[in-house]
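Below is one structure, written out as structure tokens, with a few remarks after it.
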Amino acid sequence: MDINKELLQEARKCVKCGSCLSVCPVYKELCEESYSPRGRAALAEELGQERQDLTSKLIEIFTKCIGCASCEAVCTKDVPITKIVYEIRELLYEKKHFDIALHTVAKLMYKSPYIFTLILKNAALLEPLLFEEIKGLDLLKPRRSLPFLSKSRFLPKVKSKFFLDHDFGEPTTSKRHISLFTGCVFNFIQPSIAHDSLSILKRIGKDVNVCSEQMCCCLPALGIGDMHGLKKVVMKNIQVLDGARPEKIVVLCSSCSLMLKKYYPMIFEDESSRVREKVMKFADKVVDYAAYLREHPDELDSTYKLQEKQTVTYHTPCHLSKGLNKSDVIKDIFTGKRNLEIVELEEPEACCGFGGIFNYKFSELSLKILDRKVNDIIGSDAKTVLTSCSGCIMQIREGLLRRDTDVEVLHISEFIMRNKR
Ligand code: SF4
Ligand code: SF4
């Protein structure tokens with residue numbers, strides 16, 4: 001298999017120490033060496049040396065990775081496991097080894113947003129026939145098993161009015177404005193969280209532009225290996241978000257943040273220096289929303305006040321903690337707030353098992369990983385979980401619903417706005 005030679009050199013840096021085994025959520029469930037991070041590094045090398053055929057088992061091994069980056073956070077040899085996995089997925093994509101249904105949905109999402117949104121809005125008309133709505137949780141329960149979804153799973157509810165349908169008025173002309181990137185889930189499924197977040201940015205004194213032409217961050221495209229198809233969309237996002245020369249590009253969802261900040265430059269590594277420079281300049285301006293709030297403690301403090309004592313816990317999304325190396329952001333934002341007690345989970349950074357397409361393709365495995373997270377939350381006795389990633393919110397809400405608890409999962413913006421001054 002024609003794997004990038006430099007990447008194979010990186011894979012060879014693995015000294016088989018095993019430090020990554022205890023943090024890989026997939027390995028912890030499957031307990032099979034080939035599904036571990038070091039197993040994937042070794043198999044990539046075997047494939048590169050043509051000592052292994054591309055069997056269906058190997059395809060599954062490279063598809064069954066959440067992309068959580070937990071392995072990279074502990075690896076002392078800096079083996080870029082996720083980069084290796086994405087490289088192999090690109091090769092699998094070129095050889096047409098993919099799940100047609102899931103790939104079609106993902107491609108519609110990032111390549112044909114107008115058709116995708118049209119389908120979503122029309123599909124909403126069929127919703128009452130096929131699903132029962134779980135009020136207040138943005139989740140739908142299938143009335144019967146569907147070709148793409150078992151009766152035991154839940155599906156996120158798509159809203160009739162998207163966040164980006166809103167009229168945001170004339171763009172600001174302020175030189176120090178910020179540009180807001182929402183991401184698909186906050187746009188289609190959780191627009192109220194996007195509105196809350198926009199309000200908070202304004203309340204802390206920021207001039208914000210929201211450009212309705214922004215597209216999917218393209219993390220699903222990276223996940224399926226469509227490296228070629230995503231480049232045009234990425235360039236469009238760069239043009240739309242950076243066109244008015246904002247001071248910062250603030251990204252609402254942690255997974256989108258990782259994509260814009262870290263993976264955009266990675267995707268264009270082999271392009272001309274002019275293109276690379278443009279992408280790097282863009283990525284330098286990108287900042288995760290939660291990390292941005294942490295940078296403005298006094299302004300944020302003046303926007304909300306807890307009238308009564310509340311106890312919360314928090315879940316740090318993998319892409320924020322391990323991907324962007326910002327582990328304590330959520331905790332830092334709320335530490336020391338009057339009337340707020342924060343109880344720690346045993347493993348606040350442990351993966352919730354979402355992983356976008358992974359969650360639907362490997363539903364059973366995803367639920368097992370989720371179970372560990374839910375056990376940790378229930379064991380903490382907190383009644384509120386705060387987090388900042390759209391995917392984690394949907395996943396953990398489903399996990400808690402399956403266990404019939406009254407614990408709620410809130411985005412940090414929902415919590416702040418609920419207690420606004
Ligand atoms: S932690 Fe790094 S070096 Fe150690 S086994 Fe895992 S991938 Fe290899
Ligand atoms: S990215 Fe996550 S799921 Fe994939 S190998 Fe690393 S720890 Fe395991």
Side-chain angles (χ1 to χ4, degrees), residues 3 6-48 57-92 219-220 222-225 254-255 257-259 261-263 266-267 315-327 347-373 389 391-392 395:
I3 303 176
E6 281 164 29
L7 204 53
L8 284 180
Q9 288 289 349
E10 300 275 301
R12 271 179 219 123
K13 289 195 310 195
C14 172
V15 289
K16 317 279 185 271
C17 66
S19 306
C20 52
L21 302 188
S22 62
V23 296
C24 175
V26 172
Y27 175 76
K28 280 204 278 188
E29 294 304 331
L30 302 179
C31 299
E32 199 181 311
E33 176 67 21
S34 44
Y35 289 98
S36 74
R38 74 175 174 194
R40 290 185 171 103
L43 285 170
E45 205 191 330
E46 295 275 299
L47 278 171
K57 168 88 177 178
L58 272 180
I59 295 171
E60 191 197 296
I61 287 167
F62 284 101
T63 318
K64 229 175 216 177
C65 163
I66 304 185
C68 63
S70 303
C71 46
E72 291 173 359
V74 298
C75 179
T76 50
K77 295 292 169 187
D78 291 332
V79 181
I81 299 290
T82 53
K83 200 173 171 186
I84 293 169
V85 168
Y86 290 138
E87 162 89 4
I88 301 224
R89 287 194 189 163
E90 186 184 356
L91 298 171
L92 294 179
L219 191 55
L222 184 67
I224 63 173
S254 309
S255 294
S257 300
L258 176 66
M259 183 68 186
K261 185 131 194 109
K262 196 168 152 185
Y263 292 149
M266 180 185 93
I267 290 160
H315 159 74
T316 315
C318 293
H319 289 162
L320 182 61
S321 56
K322 281 94 72 169
L324 292 169
N325 202 14
K326 294 193 181 299
S327 293
E347 295 183 277
E349 292 179 10
C351 181
C352 69
F354 181 68
I357 288 176
F358 177 93
N359 168 51
Y360 294 101
K361 191 163 173 57
F362 304 111
S363 178
E364 217 175 290
L365 177 58
S366 167
L367 287 178
K368 281 187 180 163
I369 298 169
L370 173 60
D371 250 353
R372 289 180 190 253
K373 176 60 61 184
C389 174
C392 301
Q395 176 86 339

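In listed order, ligands and their atoms are each counted from 1.
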| task | Answer with yes or no whether the side chains of Ser70 and Glu349 bring together a donor and an acceptor at under 3.5 Å. | result | no

| query | Please state which protein non-hydrogen atom is closest to atom 2 (Fe) of ligand 2 and give its distance, to 0.1 Å? | reply | Cys68 SG, 2.3 Å

| message | Can you tell me which residue among Arg372, Lys64, Lys368 is in a salt bridge (charged side-chain N to carboxylate O under 4.0 Å, His left out) with Glu29? | response | Arg372

| How close does the nearest protein non-hydrogen atom get to atom 4 (Fe) of ligand 2, and which residue and atom is it? | Cys65 SG, 2.3 Å

| query | Do any heavy atoms of Val15 fall under 4.0 Å from ligand 1? | reply | yes

| query | Counting heavy atoms only, which part of Cys17 comes closer than 4.0 Å to ligand 1: side chain, backbone, both or neither? | reply | both

| field | Side chain, backbone, both or neither: the part of Lys16 lying under 4.0 Å from ligand 1 by heavy atom | value | backbone

| query | Which residue and non-hydrogen atom of the protein lie closest to atom 3 (S) of ligand 2, and at what distance in Å? | reply | Ile66 N, 3.4 Å

| note | When distances are taken from atom 6 (Fe) of ligand 2, the protein heavy atom at minimum range is Cys71 SG, 2.3 Å

| Is there an N/O/S atom in Cys24 that lies less than 2.8 Å from atom 4 (Fe) of ligand 2? | no

| With a 4.0 Å heavy-atom cut-off (strictly under), which part of Thr82 contacts ligand 2: side chain, backbone, both or neither? | side chain

| Applying a 4.0 Å heavy-atom criterion (strictly less than), which segment of Arg40 is in contact with ligand 2: side chain, backbone, both, or neither? | side chain

| said: Check for me whether Pro37 has a heavy atom closer than 4.0 Å to any atom of ligand 1. | reply: no

| Is it the side chain, the backbone, both or neither of Ala69 that has a heavy atom closer than 4.0 Å to ligand 2? | backbone

| query | For atom 8 (Fe) of ligand 1, what's the nearest protein heavy atom and its distance? | reply | Cys14 SG, 2.4 Å

| query | Measuring to atom 2 (Fe) of ligand 1, does Cys20 have an N/O/S atom at a distance below 2.8 Å? | reply | no

